[in-house]
Amino acid sequence: MTVTRFAPSPTGYLHIGGLRTALFSWLTARHNGGKFLLRIEDTDLSRNSEEALEAIMQAFEWVGLDYDGDVVYQSKRFDLYKEYIDQLLEEGKAYRCYMSREELDALREEQMARKERPRYDGRYRDFSGEPPEGIEPVIRIKAPTEGEIIFEDGVKGEICIAADEVDDFIIARSDGTPTYNFVVAIDDALMGLTDVIRGDDHLYNTPKQIVVYNALGFKLPKFYHVAMINNEQGKKLSKRDGATDVMEYQKLGFLPESLLNFLVRLGWSHGDQEIFSIDEMIALFDPKDINKSASSYNLDKLLWLNAHYIKNMPNKELAEKLVDYGVSIEGHDRLEILLDATKERGKTLVELASQIELILTTPESYDPKAAKKAFKGEASEILRNFADTLREWDGELHLPADYHAVLEHYVEKSEIGFGKIAQPLRVSLLGSMTGSGVDEVMAIIGVEETIHRIDRAIFFIEKEK
RNA sequence: GGCCCCAUCGUCUAGCGGUUAGGAUCCCAGGUUUUCAUCCUGGUUACCGGAGUUCGAGUCUCCGUGGGGUCACCA
């Protein structure tokens, strides 16, 4: 059975790059009917934060990626790791190193001065003498000294790294706590991972982890190293580039399905298809199709996707989402007309909310340019006559089409062009020259409010004269 | 710097030895709409450079160049 995982360390919010690898892992598991596990890499007790953990879990919930079983916390498994450390020590596959931090730093500087690659020199690898006083040793694992470490990466192909590039790295700190590359290998093996999908910044950790797998006799999973996401300039994505925190996207008015669709297409594709529902992603995703090259983040495409998903979302659902953006219209009796009239002109929920606000609120002022253009000539008279026509209208007035009939009737009766009434009417209703159709707006706010807004506009026009 | 990885329109990508190099986004133009948006139609724009292999190379090989990653008692 396919088993994948996402394994963040709780040191900050969930980054969109992290979300993409999580998505790839999740899709791989779901596609194969396998399991997707969540593990928290919190072995460095000093760097963990409770808020970071909560932020990550919250982001996961928002986008709707579900995981199987319980969350695994590495900080709660120290006893387990200790057993493996002891085992390796006993088998002579690991050893105590009594070099102090100072000595290590000095060695590194020396090597750098000689323009060599800084690395541990293995001085305690076969040490059997009397250990120096007062030094708590670290535990190092014996990495192969010759040959090469080769593995097949599902994305990049065969990766071959000379053994002397991998030194005897530390598996337990002097305080006894285990380190990252050691516990990752153990947990991935023990949790039954079949496919490890992660960022390619981990590519160089893989040979180290393979050393651990081999020392402990574990079976290797398949590795996939996904290239990074860059900013629009092709450089590494940083906080300066705007939203990198997944939850930022919620605040900006993005739908989780838009973000997921956007991310799945960064480094993966299926022919010419751009729009993928979650079910389609699950059906079509295969990690072997992941691209080798890094991709750049592009906000325009995300906005386009978001507009698409907003347009196609049922109004009821949209209304529920809009509550978080300060718009409560769930009980509005013209909900359908209101959302049909607005959801095609908002790229984000934030924009949509302000469109709705614009219609529902009586304009306090008029856009000067629009007023100048629309409120000239006989505008106030035309508006007054139209309001009268509305008052006297004895037909049904519910749908936009009903209001349209009134407008048509008025235009015919008074022998004026459509624009003569439509333009001043729009500015009266919305305060601006652009926006939703006047038929829709009138149908949403009703006759009374329509007349109220017209009266206010007439008052404004007369006052300005 | 050592090692490793990568390279098609501005961006996301298709291509898997023979295509007028396709789609999407952005941008521009036209149409639809009383306006704006939507929608529809059309247009501009790309194989990093150089050798080689081959009848034929974006596709394979090598060398450059450019970009990225990594070299912790962080993860």
Side-chain angles (χ1 to χ4, degrees), chain A residues 7-11 41-44 46-48 74 97 99-101 104-105 108 112 115-120 136-140 153 155-157 159-162 164-167 169-181 183-184 199-207 225 227-228 230 232-236 262 265-275 291-305 307-308 311 341-347 351 355 370 373-374 407 411 417-423 425-427 430 432-439:
Chain A
S9 63
T11 52
E41 317 245 287
D42 52 358
T43 50
D44 186 349
S46 63
R47 288 178 25 142
N48 297 334
Q74 292 186 320
C97 169
M99 226 171 146
S100 67
R101 277 171 216 256
L104 208 46
D105 288 343
R108 238 192 303 268
M112 302 240 279
K115 297 202 166 155
E116 284 172 21
R117 189 178 76 88
R119 55 166 300 163
Y120 177 63
E136 279 302 321
V138 297
I139 316 285
R140 289 182 182 271
D153 186 276
V155 175
K156 313 259 186 195
I159 304 288
C160 176
I161 286 161
D164 63 8
E165 286 291 320
V166 180
D167 50 11
F169 62 94
I170 292 171
I171 59 173
R173 304 181 181 92
S174 45
D175 65 2
T177 56
T179 60
Y180 175 75
N181 281 304
V183 298
V184 166
D200 78 359
D201 49 337
H202 284 289
L203 193 67
Y204 249 64
N205 287 324
T206 309
H225 289 97
M228 305 275 94
N230 295 329
E232 307 202 29
Q233 286 73 243
K235 300 287 181 191
K236 191 178 176 180
F262 172 69
R265 284 286 288 99
L266 245 37
W268 178 81
S269 62
H270 184 260
D272 287 340
Q273 189 168 345
E274 296 288 345
I275 306 290
N291 277 179
K292 292 171 173 215
S293 55
S295 39
S296 292
Y297 169 95
N298 173 234
L299 187 66
D300 282 331
K301 195 115 178 191
L302 176 58
L303 282 167
W304 173 74
L305 280 165
H308 169 86
K311 265 181 295 193
T342 50
K343 70 183 180 183
E344 298 215 328
R345 60 188 80 233
K347 285 190 193 301
E351 282 179 23
Q355 289 285 343
K373 204 169 170 199
L407 264 173
V411 165
F418 222 109
K420 282 275 186 210
I421 173 64
Q423 289 201 340
L425 183 57
R426 167 170 295 103
V427 179
L430 299 173
S432 124
M433 205 71 138
T434 63
S436 306
V438 289
D439 302 342

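Lettering follows sequence order; numbering is per chain, from 1.
For the C1' atom pair drawn from B:G66 and B:C47, the interatomic distance equals 16 Å after rounding to whole Å. Nucleotides B:C55 and B:A46, compared at atom C1', are 27 Å apart to the nearest Å. Taking atom C1' in both B:U45 and B:C3, one finds a spacing of 38 Å when rounded to whole Å. One P atom belongs to B:G43, the other to B:C5, and the distance between them is 42 Å to the nearest Å. Here the separation of B:G23 from B:C16, taken at their P atoms, is 16 Å to the nearest Å. Distance check on atom P: B:A14 versus B:G56 gives 28 Å, rounded to whole Å. Only the P atoms considered, B:G42 is 31 Å distant from B:G49, to the nearest whole Å. Nucleotides B:A37 and B:G31 place their C1' atoms 16 Å apart, quoted to the nearest Å.
Taking atom CG of A:N298 as the reference point, atom C1' of B:U13 lies 12 Å away to the nearest angstrom. Distance A:M433 CE to B:U35 P: 11 Å, rounded to the nearest Å. Going from atom NZ of A:K347 over to atom C1' of B:A37 covers 9 Å, rounded to whole Å. The interatomic distance linking A:L266 (CG) with B:G68 (P) rounds to 17 Å, in whole Å.
Side-chain contact between A:Q74 and A:V183 is present, with at least one heavy-atom pair separated by less than 4.5 Å. Using a 4.5 Å heavy-atom cutoff, the side chains of A:L407 and A:F418 are in contact.
At least one side-chain nitrogen or oxygen of A:K292 sits closer than 4.0 Å to the OP1 or OP2 atom of B:C6. OP1 or OP2 of B:U13 has at least one side-chain nitrogen or oxygen of A:S295 nearer than 4.0 Å. Here A:N291 reaches the OP1 or OP2 of B:A14: one of its side-chain N or O atoms lies under 4.0 Å away. OP1 or OP2 of B:A75 has not a single side-chain nitrogen or oxygen of A:R47 nearer than 4.0 Å. A:R108 has a side-chain polar atom (N or O) that falls below the 4.0 Å cut-off from OP1 or OP2 of B:C73. One finds no side-chain N or O of A:K311 lying less than 4.0 angstrom from the OP1 or OP2 phosphate oxygen of B:A37. Phosphate proximity of B:A75 to A:T43: present, with a side-chain N or O under 4.0 Å from OP1 or OP2. Taking 4.0 angstrom as the limit, A:S296 places a side-chain polar atom (N or O) nearer than this to OP1 or OP2 of B:C12.
Side-chain N/O atoms of A:E116 and base N/O atoms of B:G2 include no donor-acceptor pair closer than 3.5 Å. With hydrogens and angles left out, the side chain of A:D42 and the base of B:A75 share no donor-acceptor pair within 3.5 Å. Side chain A:D200 to base B:G69: no donor-acceptor pair is found below 3.5 Å. On a pure distance criterion of 3.5 Å, a polar donor-acceptor pair joins the side chain of A:Y204 and the base of B:C3.
Nucleotide B:A37 forms no Watson-Crick or G-U wobble pair with any nucleotide shown, as no partner meets the under 3.5 Å limit on both distances. Nucleotide B:C16: unpaired (no Watson-Crick or G-U wobble partner with both distances less than 3.5 Å). Pairing of B:U45, defined by two Watson-Crick or G-U wobble distances under 3.5 Å, is not identified with any nucleotide. Pair assignment for B:A75 gives none, since no Watson-Crick or G-U wobble pairing has each distance under 3.5 Å. Pairing for B:U70 goes to B:G2, judged as Watson-Crick or G-U wobble with the two contacts each under 3.5 Å. For B:A24, the paired nucleotide is B:U11, the pair qualifying as Watson-Crick or G-U wobble because both relevant distances are below 3.5 Å.
Each of A:W304 and A:G419 was matched to the nucleotide of RNA chain B holding its nearest heavy atom; the match closer to the 5' end belongs to A:W304. Residues A:F418 and A:Q273 each lie close to RNA chain B; by heavy-atom proximity, the contact nearer the 5' end of the strand is made by A:Q273.
Both cation-pi conditions hold for A:R140 and A:Y120: the charged atom is under 6.0 angstrom from the six-membered ring centre and inside a 45 degree cone around its axis.
A:T179 contributes a side-chain N or O that, together with a main-chain N or O of A:I170, makes up a donor-acceptor pair within less than 3.5 Å.
Remark: of the listed residues A:I159, A:V155, A:D153, A:D153 is the sole one forming a side-chain contact (heavy atoms from CB on, under 4.5 Å) with A:H225.
Nearest to the side-chain atoms of A:L203 among the listed nucleotides B:A75, B:C4, B:G1 stands B:C4. Residue A:R173 places its side chain closer to B:C74 than to any other of B:A14, B:C4, B:C74.
As judged by a 4.0 angstrom heavy-atom cut-off over every strand, A:G417 is placed among residues making no nucleic acid contact. Residue contacts shown for A:S174 include a base, since a base heavy atom lies under 4.0 Å away. Contact annotation for A:I159: backbone-only contact, meaning every heavy-atom pair under 4.0 Å involves sugar-phosphate atoms and none involves a base. Residue-level contact check: A:V438 touches the bases, meaning some heavy atom is under 4.0 Å from a base atom. Residue A:S9 is classed as a sugar-phosphate contact, given heavy-atom separations below 4.0 Å to backbone atoms only. Backbone-only engagement by A:K156 is indicated by non-hydrogen atom pairs under 4.0 Å involving sugar-phosphate atoms exclusively. When heavy atoms are screened at a 4.0 angstrom cut-off, A:E41 is found touching the sugar-phosphate backbone but no base atom.
The distance from the OG1 atom of A:T206 to the CD1 atom of A:I161 is 7.5 Å, given to the nearest 0.5 Å.
The residues A:E136 and A:R173 are annotated as not salt-bridged, no charged nitrogen and carboxylate oxygen being separated by less than 4.0 angstrom. Of the charged side-chain nitrogens involved, none lies within less than 4.0 Å of a carboxylate oxygen, so that A:E165 and A:R119 do not count as a salt-bridged pair.
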